[in-house]
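Data block below; observations after.
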Amino acid sequence: MSLSHSFIFLFSITLINGVFPRESNIILPSEQHQATEKLTHVHFYYHDIRNNKNPTIVQIIDAPKNVPNGFGSTFMMDDAMTEGVELSSKHIGRAQGLFGLSSLQDLGMFMLTNFVFKEGEYAGSSLSMLGRNPISEQNREMAIVGGTGFFRFARGFAVANSVNHISTPENFVVEYNVTVSHP
């Protein structure tokens with residue numbers, strides 16, 4: 001038996017038995033001792049910095065000239081997450097991800113974002129958000145599809161609101177209220 005066949009055989013035996021070896025750090029949901037789930041609410045702001053000096057958002061694909069609403073424009077972001085509305089308030093992490101203008105009819109975008117917590121009780125954990133963001137509306141809801149660390153196996157939703165009274169063309173501020181269920 002070749003080395004690759006040996007690996008497949010051993011991996012198959014592991015899956016048939018339904019458990020990982022004791023040396024593994026992987027915890028399957030069926031192995032968890034906690035039967036109830038927690039409901040956690042997280043509130044923060046993130047800041048899209050769009051200047052030439054220190055941008056936290058950059059366009060990686062430009063829209064073709066013959067389509068409406070910037071359709072196809074795609075961006076990467078690594079935005080500061082703060083406790084308060086001001087950029088100078090306590091930084092708790094980074095909102096990192098990809099988004100693009102994905103609607104021909106309105107200013108709708110798709111978002112794939114990881115909220116990476118670096119400070120506070122969730123430090124070292126993250127939440128993953130995926131969904132459509134109709135950016136001209138308030139109370140935009142997107143799905144939380146997973147997480148790591150404290151938020152392992154998380155699922156829930158995020159509600160985003162633009163903070164127009166403080167936003168500028170160089171610093172666009174978005175408030176997030178995130179509710180997740182997790183073990």
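Under a 3.5 Å cut-off, the side chain of Asn69 and the backbone N or O of Phe71 do not form any donor-acceptor pair. With hydrogens and angles disregarded, a donor-acceptor distance shorter than 3.5 Å links the side chain of Thr82 to the backbone of Gly84. Side chain of Ser167 to backbone of His165: no donor-acceptor contact under 3.5 angstrom is found.
Take Arg94 and apply the salt bridge (Lys or Arg N to Asp or Glu O under 4.0 Å) test, not counting sequence neighbours, and it matches Asp78.
Taking every heavy atom of both residues into account, Met129 and Ala158 meet most closely at SD-CB, 3.8 Å.
Taking the charged nitrogens against the carboxylate oxygens, Arg155 and Glu37 do have a contact shorter than 4.0 Å, which makes a salt bridge.
Side chains of Asp79 and Thr56: a donor-acceptor N/O pair is present below 3.5 angstrom, by distance only. In summary, the side chains of Ser126 and Thr148 do present a donor paired with an acceptor at a separation below 3.5 Å, with no hydrogens or angles considered. With hydrogens and angles left out, the side-chain atoms of Thr40 and His182 include a donor and acceptor closer than 3.5 Å. No hydrogens or angles considered: nothing links the side chains of Asn171 and Thr168 as a donor-acceptor pair under 3.5 Å. Under the 3.5 Å distance criterion, with hydrogens and angles disregarded, no donor-acceptor pair is assigned to the side chains of His43 and Glu83. Checking Asn139 against Asn161 by side-chain atom types alone, a donor-acceptor pair falls below 3.5 Å.
Val42 and Val116 fall into different hydrophobic clusters, where Ile, Leu, Val, Met, Phe, Trp and Tyr are joined by side-chain heavy atoms under 4.5 Å apart, directly or via other members. Ile135 and Met77 fall within a single hydrophobic cluster, where Ile, Leu, Val, Met, Phe, Trp and Tyr are joined by side-chain heavy atoms under 4.5 Å apart, directly or via other members.
Residues Tyr46 and Tyr176 place their aromatic rings such that the two centres sit under 6.0 Å apart. You'll find the ring centres of Phe115 and Phe44 inside the 6.0 Å limit. Between Phe99 and Phe110, a ring centre-to-centre spacing not shorter than 6.0 Å is recorded.
In summary, of the residues considered (Ile60, Asp62, Ile61), a side chain to side chain contact (heavy atoms under 4.5 Å, CB included) with Ser73 occurs for Asp62 alone.
At a threshold of 4.5 Å between non-hydrogen side-chain atoms, the residues Phe172 and Asn164 count as touching.
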